[in-house]
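Values in this document were obtained by computation on a predicted structure and should not be read as measured data. Ligands are counted one by one from 1 in listed order, and the atoms in each one are counted from 1 as well. Excluded from the calculations below are hydrogen atoms, water molecules and symmetry mates; all remaining heavy atoms, backbone and side chain alike, are included.
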Amino acid sequence: MIDELRRLLGDSGVLTDRADMAPFCTDWKNTSHGAAACVLRPKSTIEVAAIMRLCHQAGVPIVPQGGNTSMAAGAIPDASGGQVVLSLSRMNAIRAVDPVGMTIELEAGCILATAKAAALEHGRLLPISFGAEGSAQIGGVVSTNAGGVNVLRYGMTRQMVLGLEVVGADGTVLSGVRHLRKDNAGYDWKQIFIGSEGTLGIVTAAVLRLLPKPRYVVTALLSVPDPQHGLALLKLMQDELGDAISAFELISGFSFGLVEKHFGAKAPVVGDGWFVLLEASASVVGLREGVEAGLEKALTEGIATDGVIAESESQTRAIWALREQITEAELKEGRSLKHDVSVPIPSLPAFLQDATSALATSFPLAKVNAFGHAGDGNVHFNVLVPSDVGAREINRVVHDVVAAHGGSISAEHGIGSYRVAELAHYRSGPELEFARHIKRSLDPLGLMNPGKVLAPWD
Ligand code: FAD
Ligand code: MLT
Ligand code: ZN
């Protein structure tokens with residue numbers, strides 16, 4: 001089969017050397033390690049379809065991979081050495097940017113930051129933003145339905161997808177590369193692939209919606225005594241600025257402490273409780289005045305205790321760097337267990353309190369690194385623990401509190417291989433059976449990213 005694949009893709013399209021394959025078999029945290037039979041690097045949808053047909057005939061499992069930035073080890077093969085990694089990175093063309101129709105058509109391997117820069121060259125905004133945007137690829141972003149810091153204003157990736165091209169498990173090409181805002185012609189099949197984490201098909205191209213680039217962007221960093229005051233600030237700012245708020249990130253003092261310890265960067269506001277990074281954007285004048293008025297009210301009413309507004313591009317970058325460096329600082333600090341959870345927005349403070357005290361009771365040595373997209377009810381409740389503490393036990397303590405608050409055990413990172421057991425535990429039987437039904441219909445041989453999202457069935 002490898003010989004046939006080489007004939008199909010050329011020598012550079014098939015990696016079999018262990019050292020060459022190593023980066024494709026380990027996640028960015030260096031905690032999940034697998035082994036692949038080979039790594040395939042097609043250059044076109046036709047090649048992807050041929051690979052899928054071959055694997056289907058031979059019964060070989062496929063692990064699709066984009067930028068390999070998954071937070072849930074979703075793109076790593078298992079340890080058997082029998083799975084094939086299908087990397088989309090050589091299919092990275094920007095096929096078209098349409099500033100009038102406000103769309104961008106991209107191949108799956110295009111890096112998100114490259115796509116955003118191409119849109120900006122035309123005065124258009126692709127508002128999907130997160131720390132790994134310099135490595136994550138469009139196919140991965142679509143397949144994880146990525147969230148990030150602008151969801152509050154623009155929605156998840158799903159809201160940006162107008163068209164998709166997908167190659168199914170048997171090599172069938174579904175061509176839905178349409179630039180349409182309105183398309184109710186039958187079932188909207190692309191929705192089933194968005195967020196399916198490579199378990200149903202291979203995304204080979206996408207058409208994404210663009211927006212006009214806002215003329216004014218104001219970034220502010222504030223300190224608040226606790227998460228409850230953080231939500232009061234959100235309400236106050238929403239009353240003041242309406243939908244101009246494009247990011248509202250709540251960050252614990254512990255998170256900024258990690259950034260200071262590992263990067264030497266200090267928050268430019270006084271406070272030892274919590275922090276809020278707020279971004280507002282609009283094309284009408286008066287945005288800055290609005291933010292200033294909101295900030296003044298918040299300080300007068302004791303909702304915030306200190307605050308700064310960035311005065312320059314470099315100050316804006318410095319404030320965002322403090323936020324984006326949290327993940328790397330956490331990695332440098334040692335072992336951490338990620339909990340990417342969401343609860344209804346008003347329940348966020350109670351969730352934080354309940355989960356923190358539940359952990360303190362069961363695992364007194366655990367430290368909580370909590371930060372995230374409070375404007376979406378999504379917090380990264382990451383737990384730093386010594387290596388002898390079991391991940392499963394910690395996950396259960398946190399996720400039980402999530403369930404008690406009517407929340408989700410994965411707000412934006414997906415299930416991957418990390419949370420398969422947790423999904424099976426917390427999702428209801430009929431919902432899981434419906435998911436298995438979809439999986440069986442689209443991937444009857446169970447070859448698409450096995451062991452991710454759903455537990456294998458007999
Ligand atoms: P990969 O990691 O390669 O793959 C992710 C999943 O998609 C896997 O299941 C894989 O099999 C599947 N897949 C990949 N490409 C395809 C394809 N073409 N067709 C079918 N399936 C495919 N995520 C957020 O949502 N919000 C954040 O704020 C956020 N911040 C992050 C910050 C950092 C520092 C890091 C490292 C990650 C962060 N992430 C965040 C997670 C990650 O960046 C996203 O999940 C991203 O969308 C994954 O893209 P990728 O190309 O790296 O996909
Ligand atoms: C982020 O928002 O920075 C990431 O999604 C969170 C993480 O590192 O857990
Ligand atoms: Zn996040």
*Asks:* May I ask you to test the L9-I51 pair for a side-chain heavy-atom distance under 4.5 Å?
*Replies:*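 Sidechains of I51 and L9: in contact.
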*Asks:* So which bit of F193 gets within less than 4.0 Å of ligand 1, heavy atoms only: side chain, backbone, both or neither?
*Replies:*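 Neither part.
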*Asks:* Below 4.0 angstrom, N of the basic side chain to O of the carboxylate: do R440 and E433 qualify?
*Replies:*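 Yes.
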*Asks:* In the protein, what heavy atom is nearest to atom 6 (C) of ligand 2, and what distance, to one decimal place, separates them?
*Replies:*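 Atom 6 (C) of ligand 2 sits closest to the protein heavy atom H380 CD2, 3.3 Å.
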*Asks:* Test your reading of the structure: does F130 have an N or O sitting under 3.5 Å from an N or O of ligand 1?
*Replies:*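 For ligand 1, there is no N or O atom that lies under 3.5 Å from one belonging to F130.
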*Asks:* Step through the shown structure and confirm whether more than 12 heavy atoms of other residues, nucleotides or ligands are within 6.0 Å of NZ on K29.
*Replies:*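 Result for NZ/K29: enclosed.
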*Asks:* Salt-bridge test for R153 and E279: reply yes if a basic N is under 4.0 Å from a carboxylate O, no otherwise.
*Replies:*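 Answer for the salt bridge query: no.
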*Asks:* I'd like to know whether ligand 1 has M71 as a neighbour, heavy-atom separation below 4.0 Å.
*Replies:*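 Contact present.
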*Asks:* Are there more than 12 heavy atoms of other residues, nucleotides or ligands under 6.0 Å from atom NZ of K43?
*Replies:*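 Atom NZ in K43 is not crowded, with 12 or fewer foreign heavy atoms closer than 6.0 Å.
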*Asks:* So, is H413 placed with an N/O/S atom under 2.8 Å from the Zn ion (ligand 3), counting both backbone and side chain?
*Replies:*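 So H413 does not count as coordinating the Zn ion (ligand 3).
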*Asks:* Consider every N or O of E324 and every N or O of ligand 2, then say whether any pair is closer than 3.5 Å.
*Replies:*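 For ligand 2, there is no N or O atom that lies under 3.5 Å from one belonging to E324.
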*Asks:* Among all protein heavy atoms, pick the one closest to atom 50 (P) of ligand 1 and tell me residue, atom and distance.
*Replies:*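 Among all protein heavy atoms, the one nearest atom 50 (P) of ligand 1 is G67 N, 3.4 Å.
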*Asks:* Note the single closest protein heavy atom to atom 8 (O) of ligand 2, along with its residue, its atom name and the distance in Å.
*Replies:*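 Atom 8 (O) of ligand 2 sits closest to the protein heavy atom T327 OG1, 2.6 Å.
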*Asks:* Would R396 and D400 pass as an ion pair if we require N to O under 4.0 Å?
*Replies:*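 Salt bridge absent between R396 and D400.
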*Asks:* Which option wins on minimum heavy-atom distance to atom 2 (O) of ligand 2: H413, E249, E328, R323?
*Replies:*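 Residue with the shortest heavy-atom distance to the ligand atom: R323.
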*Asks:* At a 4.0 Å cut-off, with the gap strictly under it, does some heavy atom of V141 reach an atom of ligand 1?
*Replies:*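 Contact present.
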*Asks:* Please work out, at 4.0 Å between heavy atoms, whether the side chain, the backbone, both, or neither of H373 comes within that distance of ligand 1.
*Replies:*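 The side chain, only.
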*Asks:* Of the backbone and side-chain N, O or S atoms of E412, does one lie nearer to the Zn ion (ligand 3) than 2.8 Å?
*Replies:*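 Yes, E412 qualifies, because one of its backbone or side-chain N, O or S atoms lies under 2.8 Å.
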*Asks:* Taking it one step at a time, do D78 and Q83 satisfy side-chain hydrogen bond (donor to acceptor under 3.5 Å, both in side chains)?
*Replies:* CA-CA 7 Å; D78 68 14; Q83 301 186 334; 3.1 Å; yes
*Asks:* Residue-level breakdown please: for F371 versus ligand 2, do any non-hydrogen atoms fall below 4.0 Å on the side chain, on the backbone, on both, or on neither?
*Replies:*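 Contact part for F371 vs ligand 2: side chain (C-beta onward).
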